[in-house]
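To keep things clear, I will list the structure first and then write my remarks on it.
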Amino acid sequence: MATTPDDLERQFTLLTAAARYDQLRMRDALAPPTEEPMDGDDPERRPLSKEEALELLALGEVIMRKASYGRQLTVRTARATGASWAQIGASLATSKQAAWETHTRWLDEQDANAAEEETP
């Protein structure tokens, strides 16, 4: 069975996805190249399997999606508390126009997703 971001997104919170991602990434970084013999049976130095490598890739996408969603919720909060688009853009290391466009696009996507869910 393929590991897809959509499958994993339902299984993990941002925190648990990041923890699993970090676990796999560290193991991948510490493992010897696959052609080298392993020293002992240390499971933390075992190279990733194909399935784990694909899971690592999918988890990266899940983290990006969840972080982006949280980011846009925080933009909404910042606006509600009186922050200007220039201030928000500065906090995101972007222009006020880019911050506004990204948030507006996110709001449009949320509306479209809600409309899809209402359609029988």
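Given the structure is predicted, the values throughout are model-derived calculations rather than measurements. Basis for what follows: all heavy atoms, side chains included, without hydrogens, waters or symmetry-related copies.
A distance of 10.0 Å separates CD in Q110 from CG in D108, rounded to the nearest 0.5 Å. Atom CD of E109 and atom OG1 of T104 lie 11.0 Å apart (nearest 0.5 Å). Between L48 atom CG and R27 atom CZ the span is 5.0 Å, to the nearest 0.5 Å. To the nearest 0.5 Å, atom OG1 of residue T4 and atom CG of residue L57 are 12.5 Å apart. With rounding to the nearest 0.5 Å, the separation of CD in Q23 from CZ in R25 is 11.5 Å. One finds the CG atom of L8 at 10.0 Å from the CD1 atom of I63 (value rounded to the nearest 0.5 Å).
Open room surrounds CZ on R71; 12 or fewer heavy atoms of other groups in view lie less than 6.0 Å from it.
Residue W100 is found in a hydrophobic cluster whose other members, listed by chain and number, are V75, W85, I88, L92; membership requires side-chain heavy atoms under 4.5 Å apart, directly or through intermediates.
At a threshold of 4.0 Å, the pair E101-R105 does not count as salt-bridged, since none of the basic side-chain nitrogens sits closer than that to a carboxylate oxygen.
With hydrogens and angles disregarded, a donor-acceptor distance shorter than 3.5 Å links the side chain of T81 to the backbone of T77. R10 contributes a side-chain N or O that, together with a main-chain N or O of D6, makes up a donor-acceptor pair within less than 3.5 Å. At least one donor-acceptor pair closer than 3.5 Å links the side chain of T102 to the backbone N or O of A98. Checking side-chain atoms of K66 against main-chain N and O of A17 turns up no donor-acceptor pair under 3.5 Å.
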E52 and T3: CA distance, side-chain angles, deciding distance, side-chain contact (heavy atoms from CB on, under 4.5 Å) verdict: CA-CA 9 Å; E52 289 170 326; T3 301; over 6 Å; no

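The side-chain heavy atoms of R20 and E55, taken from C-beta on, include a pair separated by under 4.5 Å.
Y21 and L54 fall into different hydrophobic clusters, where Ile, Leu, Val, Met, Phe, Trp and Tyr side chains are chained together by heavy-atom contacts under 4.5 Å. Connection of L14 to L59 is established within a shared hydrophobic cluster, with ILVMFWY side chains joined at heavy-atom distances below 4.5 Å, either directly or through further cluster members.
Across all non-hydrogen atoms, the minimal contact from Q87 to G82 is OE1-O, 4.2 Å.
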